[in-house]
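Start at 1 with the first residue, then count along the sequence.
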Amino acid sequence: MCGIAGFWAFKPVVDADALGIAMQDSLKHRGPDTQARWINDEDGICLVHARLAVIDVSETGAQPMHSHCGRYAVTYNGEIYNHNEIRELVNKEDPSVQWRGS
């Protein structure tokens with residue numbers, strides 16, 4: 001079972017990285033495969049993910065995930081079991097979509 005944590009601070013956090021590390025360490029038991037964090041100091045956002053790799057065990061399934069343009073970051077706890085059907089629908093609408101991961 002994975003674990004996620006994060007914060008959005010309206011005021012600057014003195015040591016956002018230390019807080020992110022503490023959250024990450026507290027989730028290690030939830031995701032023994034990898035733990036990672038993403039911090040945007042400018043906007044006061046931190047996302048933390050502890051991963052239990054089940055379906056996509058490659059690095060392309062690592063989180064937090066980032067959009068191709070780099071503007072967006074997301075962390076997600078769950079499985080999208082109908083991802084193949086969703087890919088087919090999206091590919092019909094826009095065959096130029098470049099997928100990462102499985």
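- His66 contributes atom NE2, which lies 8.5 Å from atom CG of Leu47 (distance to the nearest 0.5 angstrom).
- A donor-acceptor contact shorter than 3.5 Å links the side chain of Asp33 to the backbone of Ala53.
- Atom CH2 of Trp99 has more than 12 heavy atoms from other residues, nucleotides or ligands within 6.0 Å.
- Distance alone, capped at 3.5 Å, is enough to place a donor-acceptor pair between the Gln63 side chain and the Tyr76 backbone.
- Between the CZ atom of Phe7 and the CD1 atom of Ile39 there is a distance of 6.0 Å, given to the nearest 0.5 Å.
- The shortest distance between side-chain heavy atoms of Gln35 and Val48 does not fall below 4.5 Å.
- Using a 4.5 Å heavy-atom cutoff, the side chains of Met65 and His49 are not in contact.
- At a threshold of 4.5 Å between side-chain heavy atoms, the hydrophobic network of Ile, Leu, Val, Met, Phe, Trp and Tyr places Ile4 and Leu19 in two separate groups.
- Rounded to the nearest 0.5 angstrom, Ile21 CD1 and Ser26 OG are separated by 12.0 Å.
- With contacts defined as side-chain heavy-atom distances shorter than 4.5 Å, the pair Gln98/His68 qualifies.
- Between Gln24 atom CD and Asp17 atom CG the span is 9.0 Å, to the nearest 0.5 Å.
- A donor-acceptor pair under 3.5 Å is absent between the side-chain atoms of Asn82 and the main chain of Glu85, judged by distance alone.
- Annotation: the span from Trp38 atom CH2 to Ile45 atom CD1 amounts to 5.0 Å, rounded to 0.5 Å.
- Considering NE2 of His29 and CG of Leu27, their distance stands at 7.0 Å, rounded to 0.5 Å.
- The heavy-atom pair separating Met23 from Cys46 by the smallest distance is CE-SG, 3.8 Å.
- When the side chains of ILVMFWY residues are joined at heavy-atom separations under 4.5 Å, either directly or via intervening members, Val97 and Ile80 end up in a single hydrophobic cluster.
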